[in-house]
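Okay, so here's the structure we're looking at.
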Amino acid sequence: MLGSWGDMKMGLLAGKVAVVTGSGGGIGRCHALALAKEGASVVVNDVGGDRSGSGAGKSMADKVVDEIKSMDRQAVANYDSVATMEGGRRIVKTALEAFGQLDILVNNAGILRDKTLLKMDEAMWDAVIAVHLKGTFACTHAAATVMKDQGRGGRIINTSSTSGLLGMFGQSNYAAAKAGIAGFTRVCALELTKYDISVNAIVPIAKTRMTEDLPRYADLKEGELDPSHISPVVVFLASDLGKDISGKFFLIRGPHISAMEIKTTEGVKKNGMWTPKEIAANIDKIMGW
Ligand code: NAI
């Protein structure tokens, strides 16, 4: 019977196994705790570096594993970088070795190396694309392969950004990666539906080490835009409650949740080819202004 103490204790994700990349801090840590609270066993992956992706260490992932264990739930750490195919495979293997299965993948790991285009060098570009875009591909490829073989479906939740979907000054590398993740999400949703694997993306806005020095975060009240606001959407998508939703984008800013989509304007039509001057004359209608 729904609502009994037994169900509440078991949770929405009882018997499920989740990988959350980059869950040693920030939004990923909140996802790992929220998934565990609902009964999932969790692989806490994190390289443990700084915001720019430099350095490495085990303590960030270990701390979150300890937090989950103190909730009387199961967790194991993994310290591989998501940015290589081998890393993706090892992260997924950690789930199989520790818990024997994989049901949920949350691609969350990320770094920032901001510069305006003309000051952006190749290393800044490559590092950000590698962690966000290739990392999402590497982990998704490894996880979806296992989910298909298991034959029980699966849930994949990627992390995009308003920077990629709407644009943000100084973030051409990050925005390209995040917009790439959006396209990747749509295609994976189409391709994996036949295996009952859903693929969605969240577009979070939260105060973490990634954003805390932005001027617009300076006046926030205590707890406003806390990263824990993001995770209920991830739990929803990971659970049976969200099983029919795939290829969608959820914008989450504190307690405000909305969907983001690309819209086509009504546009203009004529018989035959438009001339550039006619296009200029119709630009308001084309743009939907
Ligand atoms: P964060 O810096 O606290 O978390 C990112 C985590 O990823 C860190 O724990 C880091 O050690 C880990 N990580 C970095 N490179 C890794 C790698 N190669 N392999 C494994 N782990 C790695 O930042 P935050 O804000 O929690 O970001 C989480 C995700 O949300 C990122 O993908 C970020 O781009 C995205 N995001 C965050 C927004 C925000 O407002 N905070 C806005 C839009 C997107």
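Note that the structure is a prediction, hence the values are computed from the model and not measured. Indexing begins at 1, ligand by ligand and atom by atom, following the structure's order. The basis for the numbers below is simple: all heavy atoms, side chains too, and nothing from hydrogens, waters or symmetry mates.
Listed by number with element, the atoms of ligand 1 under 4.0 angstrom from any heavy atom of G26 are 3 (O), 26 (O). Residue-ligand proximity, M60 to ligand 1, at heavy-atom distances under 4.0 Å covers atoms 9 (O). Contact atoms of ligand 1 toward Y217: 40 (O) (distance under 4.0 Å to a heavy atom of the residue). Annotation for ligand 1: atoms under 4.0 Å from non-hydrogen atoms of I205 are 40 (O). Within ligand 1, the atoms closer than 4.0 Å to a non-hydrogen atom of H132 are 32 (O), 34 (O), numbered from 1 in the order shown.
No more than 12 heavy-atom neighbours from other residues, nucleotides or ligands sit within 6.0 angstrom of CG on D219. In this structure, K277 places its NZ atom where only 12 or fewer heavy-atom neighbours from other residues, nucleotides or ligands lie under 6.0 Å away. Annotation: I262, atom CD1; neighbour count of heavy atoms from other residues, nucleotides and ligands within 6.0 Å does not exceed 12. Annotation: K248, atom NZ; neighbour count of heavy atoms from other residues, nucleotides and ligands within 6.0 Å does not exceed 12.
Distances shorter than 4.0 angstrom occur between a heavy atom of S160 and an atom of ligand 1. Distances from ligand 1 to the non-hydrogen atoms of P227 include no value under 4.0 Å. Using 4.0 Å as the threshold, P204 has a heavy atom nearer than that to some atom of ligand 1.
Any N or O atom pair closer than 3.5 Å counts here, and G24 shares no such pair with ligand 1. Checked against a 3.5 angstrom limit, the closest N/O atoms of S161 and ligand 1 fall outside it.
Residues V235 and L35 form a side-chain contact, since some pair of their non-hydrogen atoms from C-beta on lies under 4.5 Å apart. Residues L112 and Q171 form a side-chain contact, since some pair of their non-hydrogen atoms from C-beta on lies under 4.5 Å apart.
Protein heavy atom in closest approach to atom 36 (N) of ligand 1: Y174 OH, 3.5 Å. Shortest contact from atom 24 (P) of ligand 1 to any protein heavy atom: T208 OG1, 3.5 Å. Scanning the protein for heavy atoms near atom 19 (N) of ligand 1, the closest one is V82 N, 3.1 Å. Protein heavy atom at the shortest distance from atom 37 (C) of ligand 1 is I27 CD1, 3.8 Å. For atom 1 (P) of ligand 1, the nearest non-hydrogen atom of the protein is R209 NE, 3.8 Å. Looking from atom 20 (C) of ligand 1 to the surrounding protein, the closest heavy atom is N45 OD1, 3.3 Å. Closest protein heavy atom to atom 31 (C) of ligand 1: N108 O, 3.1 Å. The closest protein non-hydrogen atom to atom 15 (N) of ligand 1 is I111 CG2, 3.5 Å.
Between the side chains of T94 and N78, at least one donor N or O lies within less than 3.5 Å of an accepting N or O. A donor and an acceptor atom, one from each side chain of T185 and N158, are located under 3.5 Å apart. Between the side chains of N107 and T159, not a single donor N or O lies within less than 3.5 Å of an accepting N or O.
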* **Chi angles and distances behind the side chain to side chain donor-acceptor pair (under 3.5 Å) call for D103, Q101** => CA-CA 7 Å; D103 307 286; Q101 66 189 66; 2.7 Å; yes
* Test R73 against K37 for side chain to side chain contact (heavy atoms under 4.5 Å, CB included), laying out the working first. => CA-CA 7 Å; R73 300 295 196 193; K37 192 172 167 209; 5.6 Å; no
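Nearest-heavy-atom check against atom 14 (C) of ligand 1 across G49, G110, A61 picks out G110. Nearest-heavy-atom check against atom 30 (O) of ligand 1 across T159, L112, V131, V44 picks out T159. Of all the listed residues (D50, T211, D46), D46 holds the heavy atom that lies closest to atom 11 (O) of ligand 1.
Contacts between K178 and ligand 1, counted as non-hydrogen atom pairs separated by less than 4.0 Å, involve the side chain only. Neither the backbone nor the side chain of Y79 has a heavy atom within less than 4.0 Å of ligand 1.
The minimum heavy-atom distance between A177 and L133, with the atom names listed, is O-CD1, 3.9 Å. Nearest heavy atom pair, residue I245 against residue S198, reads O-CB, 3.5 Å.
Remark: K263 engages E261 in a salt bridge, criterion side-chain N to carboxylate O under 4.0 Å.
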